[in-house]
Amino acid sequence: MPELPEVESIRRSLENKICGCLISDTEVRLPRQIKWPDVPGFVARTVGHRIIRLARRGKYLLFVLDDGGYLVFHLRMTGRLIYTDTGIVQDAHTRIIFRLDHSTALVYSDTRTLGAIYALHADELWRIRGLSEMGPEPLTEAFSVEYLQQTLSNKKTKIKSFLLNQKAIGGLGNIYADEALFLAGIHPLRLAASLSADETNRLHGAINQVIHDGIAEGGTTFRDYCDGNGQKGRHQEHLFAYHREGKPCRKCGEIIQKIVVGGRGTHFCPHCQKI
DNA sequence: CTAAGTACCTGTCCGC
DNA sequence: TGCGGACAGGTACTTA
C-alpha cells in the first residue's frame with residue numbers, strides 16, 4: 001500500500017498522539033507478521049517501554065523506544081496503523097494491538113498480511129536488509145542529480161523497474177514512479193542507461209516534485225490507505241498517469257495507456273512520453 | 001555480480 | 001447468483 005508519502009503521512013499523524021506513551025500491553029494476533037525476534041521476545045522488547053520518537057526511512061516506519069530500541073514497521077501492500085482514543089478495536093483485519101497507557105491503543109491492521117514488523121536493538125538494524133541497503137531517498141542531499149546519473153549509467157534495466165528498486169532510490173513505489181516518469185516526459189520502457197543528461201535532470205526534478213506533492217496532500221488513497229487517524233489522502237485527485245488508463249491525458253488529451261513492466265501495472269501517455 | 005520471474009496473502013472486480 | 005481468473009500501493013527468494 002504505502003509509498004514514502006503515505007508512510008510519512010502516517011508518521012506525522014501518529015507523532016503527537018503516541019510520543020511519550022507507554023506500551024502497556026502488546027497483543028500479537030498473527031505471529032507470522034513478526035519477523036524478529038520471536039513473539040515472546042517481541043512482546044518483551046515492547047511492553048513496558050515508552051515511545052520516544054517516530055522516524056521514517058523510505059517506506060519503513062521506526063518507533064524509537066526509551067531503551068534505545070526500535071519498533072520497526074514495513075506496511076507492504078495493505079498494512080495500516082490506526083490510533084484509537086477509546087482503545088476499542090473494530091477492524092476486521094487486526095493483526096497486532098499495542099495498548100498505550102492502559103487506555104488508548106495503536107492497532108496494526110493488514111488485510112493481505114504481507115507486512116513485516118520487528119523489535120530491534122540499535123545494533124541489530126542490519127537484520128533488515130531492505131533498510132540497511134536502501135539507497136538515498138528523494139528530497140535529500142544524497143539524492144543528487146550526479147548520484148542519479150551515476151546510478152542510472154550502469155543499469156541494464158528499464159527505467160520504470162529502476163525507479164522501483166529501493167537499493168537505487170528509497171521510497172518510490174508504483175504510483176509515484178509512474179507519476180515521476182510522466183512529469184519528466186520519459187517512456188517507462190526506456191532503458192535506464194539510455195537517458196540523456198537533460199532527461200536525467202528532468203527525472204530528478206520530477207521525482208522530488210511527486211514525492212513533495214504526495215506528502216503535502218497527505219498521500220494517495222485508492223482503496224486501503226489512510227493515516228493514523230483514519231484520514232484518506234488527497235493526492236489521487238491530482239494524478240496524471242497512475243490509474244488513469246483510458247482517460248484523456250491532462251496535458252495533451254491523448255488516451256492514457258496501461259502496460260505491464262517488470263510485472264507491475266504501468267501507466268503512461270503515448271504522446272507526452274515517447275519511447 | 002545483475003536482471004527477471006515467482007511466491008507470499010486476501011479481497012475485489014470483471015467476464016462468462 | 002456463482003465461479004474462475006486477473007489484479008492490487010511491495011519485497012524476498014529463486015532462477016537464469
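Order of the sequence lines sets the chain letters (A, B, ...), proteins ahead of strands, with each chain counted from 1.
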### Query
Is any side-chain heavy atom of Phe63(A) less than 4.5 Å from a side-chain heavy atom of Ile23(A)?
no
### Query
Which ones in residues 184-195 of chain A lie close to DNA chain B, meaning a heavy atom under 4.0 Å from one of its atoms?
none
### Message
With a 4.0 Å cutoff (strictly under), does any side-chain N or O of Gln166(A) reach OP1 or OP2 of dT11(C)?
### Response
yes
#### Entry: d(NZ, Lys258(A); P, dC7(C)) in whole Å
7 Å
### Message
I'd like to know if the side chain of Tyr242(A) and the backbone of Thr266(A) have a donor-acceptor N/O pair within less than 3.5 Å.
### Response
no
### Query
Quick one: do Lys247(A) and Glu245(A) make a salt bridge, cutoff under 4.0 Å?
no
### Query
Side chains of Ile259(A) and Leu189(A): does their closest heavy-atom pair fall under 4.5 Å?
yes
## Note on the structure
Here the pair of heavy atoms bringing Ala55(A) nearest to Leu61(A) is O-CD1, 3.4 Å
### Message
Going by salt bridge (Lys or Arg N to Asp or Glu O under 4.0 Å), name the pairs with one or both residues in residues 135-145 of chain A, residues two or more places apart or in two chains.
### Response
Arg56(A)-Glu137(A), Arg57(A)-Glu137(A)
#### Entry: Flag side-chain contact, heavy atom, 4.5 Å: Lys59(A) against Gln166(A)
yes
### Query
Tyr118(A) OH to dA12(C) P: how many Å, rounded?
7 Å
### Query
Do Glu8(A) and Arg11(A) meet the salt-bridge criterion of a basic N to acidic O distance under 4.0 Å?
yes
### Task
Any chance you could pull the hydrophobic cluster mates of Leu191(A), using side-chain heavy atoms under 4.5 angstrom and chaining through other members?
none
### Task
Mark yes when over 12 heavy atoms from residues, nucleotides or ligands other than Glu15(A) sit less than 6.0 Å from its CD; otherwise mark no.
yes
### Query
In the hydrophobic clustering (ILVMFWY, side-chain contacts below 4.5 Å, transitive), which residues join Leu120(A), or is it alone?
Trp36(A), Tyr60(A), Leu62(A), Val64(A), Tyr70(A), Val72(A), Tyr118(A), Leu125(A), Ile128(A), Leu131(A), Met134(A)
### Query
Under a 4.5 Å cut-off applied to non-hydrogen side-chain atoms, are Leu4(A) and Val7(A) in contact?
no
### Task
Could you list the residues that satisfy side chain to side chain donor-acceptor pair (under 3.5 Å) with Ser196(A), not counting sequence neighbours?
Glu199(A)
### Query
Which residues in residues 34-43 of chain A have at least one heavy atom lying under 4.0 Å from any atom of DNA chain C?
none
### Query
If you measure from the P atom in dT11(C) to the same atom in dG11(B), how many Å do you get, rounded?
22 Å
#### Entry: Rounded interatomic separation in angstrom, taking CD1 from Ile117(A) and P from dC8(B)
20 Å
### Message
Tell me whether the rings of Phe73(A) and Phe98(A) are parallel (<30°), tilted (30 to 60°) or perpendicular (>60°).
### Response
perpendicular
### Message
I'd like to compare against my own output: the B/S/- annotation of nucleotides 9-16 of chain B with a strict under-4.0 Å heavy-atom distance to protein.
### Response
BBS-----
Using a cutoff of under 3.5 Å, can you pull out all pairs of nitrogen or oxygen atoms linking the protein to nucleotides 3-6 of chain B, with atom names and distances?
unit_1, atom_1, unit_2, atom_2, d
dA3(B), OP1, Lys156(A), N, 2.3
dA4(B), OP2, Thr157(A), OG1, 3.0

### Task
Could you tell me whether the side chain of Thr113(A) reaches within less than 4.5 Å of the side chain of Thr78(A), counting heavy atoms only?
no
## Note on the structure
When rounded to whole Å, the CZ to P distance for the pair Phe222(A) and dA8(C) reads 12 Å
### Message
Less than 4.0 angstrom between a side-chain N/O of His74(A) and OP1 or OP2 of dT11(C), yes or no?
### Response
yes
### Message
Once you apply a heavy-atom cut-off of 4.0 Å, does Lys167(A) come out as touching a base, just sugar-phosphate, or nothing?
### Response
nothing
### Query
Between Arg80(A) (CZ) and dG10(C) (P), how many Å, whole number?
16 Å
### Query
What residues in residues 232-247 of chain A put a non-hydrogen atom under 4.0 Å from any atom of DNA chain B?
none
#### Entry: Other cluster members, Leu164(A) - Ile/Leu/Val/Met/Phe/Trp/Tyr, side-chain contacts below 4.5 Å
none
### Task
Measure from CZ on Arg76(A) to P on dC8(B) and round the result to the nearest Å.
13 Å
### Query
For the pair made of CD in Gln33(A) and C1' in dT11(C), what is the distance, rounded to whole Å?
14 Å
### Query
Glu3(A) CD to dA8(C) P: how many Å, rounded?
13 Å
### Task
Determine the stems involving DNA chain B; a stem requires 3 or more consecutive pairs of the Watson-Crick or G-U wobble kind, each with both distances below 3.5 Å, and the answer is none if no such run exists.
B:2-8 with C:10-16, B:10-16 with C:2-8
### Query
So which pairs with a foot in residues 159-170 of chain A pass salt bridge (Lys or Arg N to Asp or Glu O under 4.0 Å), sequence neighbours left out?
Glu133(A)-Lys167(A), Lys160(A)-Asp178(A)
### Query
Side chains of Glu217(A) and His238(A): donor-acceptor distance under 3.5 Å anywhere?
yes
### Summary
Closest non-hydrogen atoms of Ala168(A) and Pro136(A), given as atom of the first, atom of the second and distance, are O-CD, 3.7 Å
